[in-house]
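Proteins get letters first, then strands, A, B, ... in listed order; numbering begins at 1 in each. Keep in mind that the numbers below use all heavy atoms, side chains included, and drop hydrogens, waters and symmetry copies.
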2 protein chains.
Amino acid sequence: MEKDITIYDIARELNLSPTTVSRALNDHPAVNQKTKQRISEAAARMGYRSNLFASNLRKQHTNTIGVIVPRLNSPFMSSVLSGMEKVANDAGYNLIISQSLETLQKEIANAKTMFNSRVDGVLVSLSYETENLDHFQSIINKGIPVIFYDRVAEHPSCTSIVIDNLQAAYQATSHLIEQGCTNIVHITGNLNRNVYSDRLKGYKYALVDHDLPYDDRNIMINNLSEEAGEEAARKILAMNPMPDGVFVSNDTCAVSCLKTLKQAGVSVPKDIAIAGFNNDAISRVVEPNLTTVNYPGQEMGEVAVRVLLMQMSGTVEGIPSNTINLRSELIIRESSVRSKVGNTKKKAVLS
Amino acid sequence: MEKDITIYDIARELNLSPTTVSRALNDHPAVNQKTKQRISEAAARMGYRSNLFASNLRKQHTNTIGVIVPRLNSPFMSSVLSGMEKVANDAGYNLIISQSLETLQKEIANAKTMFNSRVDGVLVSLSYETENLDHFQSIINKGIPVIFYDRVAEHPSCTSIVIDNLQAAYQATSHLIEQGCTNIVHITGNLNRNVYSDRLKGYKYALVDHDLPYDDRNIMINNLSEEAGEEAARKILAMNPMPDGVFVSNDTCAVSCLKTLKQAGVSVPKDIAIAGFNNDAISRVVEPNLTTVNYPGQEMGEVAVRVLLMQMSGTVEGIPSNTINLRSELIIRESSVRSKVGNTKKKAVLS
DNA sequence: CAAATGTATGAAATCGGTTTCAATAATAAT
DNA sequence: ATTATTATTGAAACCGATTTCATACATTTG
């Protein structure tokens, strides 16, 4: 267990001042090239490593970004995180990641941790339970940029990064209608969250625009889990008349619903057409392949960090905080296609 | 943008010394109960937050655990991370996560970052390219515990956390043999990594123990991606004679292989029985459902952090560094079952 | 040749907690 | 009444890098 080398040790070794050593290691122009050389050699030889705390304490910033996610354990979130890590790492930032497990209590604790860890910026996707943004206020008050992504909420001084959930849902629902569905069930999550309320709106508007009636009884709200999908399928089977289309707010739930319906002898898409959301791997595996909305998770993560980096560097003074929309698209697969022209059916645009 | 409150501000406000304030905030026993009360009230009122750098700088530890993963973006890794985050968070630790993207260069950079960030402990799953552990030596030399999980390597002073890959592969292969397969292809990843070389061994041993010949030409090494699965399927289709069983080292690749074979008119499991590895969601969705090895990712993450916490607290002086084996199990599903007794077929033990 | 400019370095203050060592006051024991 | 013990508080050093301000010397410029 070696003792740590500091710039003082190096300074003593080379008969220089700590000042010069510090400057040399930071490639400060006011240090002689040869001196720099000697110092960096000594540093390497002696096994020096910078003490980030001392540095952070003095510089008052941490090169760390805090990320709060509902759960780490979802295909969508992992691609978001993957994108975030990549961009952050390239820019020399570390990521501190914590999950709220969909509870407000944990989210508050996470926010507090980020606050105390003095992260330079925060990226948040809200839990199911969150109703207001009070627990982020102390962070915001310190001038630390907070960006919401995916599950967002309005805040006068925060940017949100989203896809156009309303439009995506509108398209998915319209597609089902075009395939001849007239009685469509919509399965979605907690309407406190924009993603779900917007999708519900999109669903509604599509019905209205196609002169179909909207009926509350066709809306099922659950946690969009695998089990919830089975449960929903059972409810659907018990409906009279049975719906002829289902639009689900994520693929996990859509797929388990589809499987359960199939097991019960329902033919998909003939009896019931189904569309999901996210374009998870399972949507390309289930039979029939699931029509879904491609949600660019990796890209969302990358954009979120890029915008955050800009805000942290103060480059964007002029631009007021706002909402950034990423493009999403409907990927039509067999689970929803009823038209006779089977071979014109569009293929997945993603591998 | 408020100015930060320090213990000095609180001390001045209450006419106390910073010492007492510091102690009170850390619930030190030598501070009067009433004084503590006053201080914590003042702290709350004034919006105080501890400066972790100052604290870490003095205390010489960070309450931070560094995690290096090959990719964030995989179902298995996200469950591992989910488990890690949960346990770490409960113990008051933060997670710094970075991905090597399967390259040695990135892994070295990540290790360096962890080193400089002065994490209290490190959890590593190795990249494809890694051939030795030199880049972790500087961390280890400082007495910082390093634990390898999943993709591990031997190091005299590091613990490894794994499943018994050899045995799992042995079981999977034996199962295929018991289902009547006599010519089994094994698709796996880079043999530098224990997980893949051990699985290959398990496959070999199973053949030997069942008096089946081993043939190099039945081994396919690739990166286990979706595309690699399709490619492998094409090779299999071109083999003469065609194999009657395939054991793949992950589900992603197994499923895409299965799909491609099916599209080519091969009947699974009748013509070719297939088994995968990991028990990802897709294994329960593909038709026929995929026989696979349940890999307890979440549990592995939890155990890894628990062991790390023990090592960091020095509780385990006595126990030499070693290997911890987690239980895995073969989950038999339709993709491999040929026996007539269809109804005795075991069901998945996981939902 | 004097003044101005540029180059290279260092002393000392600073960031904000933690901790050691001492001091004081209050209480208990002899 | 005196000494020992306990409870409570504070002064000052410390963790290690950064940064402001000064200084010394070398080189130009007028």
Just the atom pairs and distances: protein N or O near nucleotides 19-26 of chain C's N or O, under 3.5 Å.
unit_1 : atom_1 : unit_2 : atom_2 : d
C:dT19 : O4     : B:T19  : OG1    : 3.4

The side chain to side chain contact (heavy atoms under 4.5 Å, CB included) partners of A:R58 (sequence neighbours excluded) come to none
Would you please name every residue forming a side chain to side chain contact (heavy atoms under 4.5 Å, CB included) with A:Q137, sequence neighbours left out?
A:I140, A:N141, A:H155
Ring pair (Phe, Tyr, Trp, His ring centres under 6.0 Å) pairs, two or more places apart, involving residues 43-65 of chain B:
none
Distances under 3.5 Å only, N/O to N/O: pair up the protein atoms with those of nucleotides 24-27 of chain D.
none

Could you tell me which residues satisfy ring pair (Phe, Tyr, Trp, His ring centres under 6.0 Å) with A:F148, sequence neighbours excluded, listed by chain and number?
A:F136
Please name all residues satisfying ring pair (Phe, Tyr, Trp, His ring centres under 6.0 Å) with B:Y93, sequence neighbours left out, ordered by chain then number.
none
Return the residues of residues 31-42 of chain B meeting this criterion: a heavy atom under 4.0 Å from some atom of DNA chain D. Order them by number, or give none.
B:V31, B:N32, B:T35
For residues 96-103 of chain B, which side-chain N or O atoms pair as donor and acceptor with protein atoms under 3.5 Å away, sequence neighbours left out?
unit_1 : atom_1 : unit_2 : atom_2 : d
B:S98  : OG     : B:N110 : OD1    : 3.3
B:Q99  : OE1    : B:L72  : N      : 2.9
B:Q99  : NE2    : A:S82  : O      : 3.0
B:Q99  : NE2    : A:E85  : OE1    : 3.2
B:S100 : OG     : B:E102 : N      : 3.3
B:E102 : OE1    : B:Y128 : N      : 2.9
B:E102 : OE1    : B:R151 : NH1    : 3.2
B:E102 : OE2    : B:R151 : NH2    : 2.8
B:T103 : OG1    : B:S100 : O      : 3.1
B:T103 : OG1    : B:K106 : N      : 3.1

How sharply is the helix from C:dC1-D:dG30 to C:dT30-D:dA1 bent, taking the axes over five pairs at either end and rounding to 10 degrees?
40°
Residues pairing under side-chain hydrogen bond (donor to acceptor under 3.5 Å, both in side chains) where one sits in residues 25-34 of chain B, two or more places apart or in two chains, turn out to be B:D27-B:K36
What salt bridge (charged side-chain N to carboxylate O under 4.0 Å, His left out) pairs are there with at least one residue in residues 61-79 of chain A, not counting sequence neighbours?
none
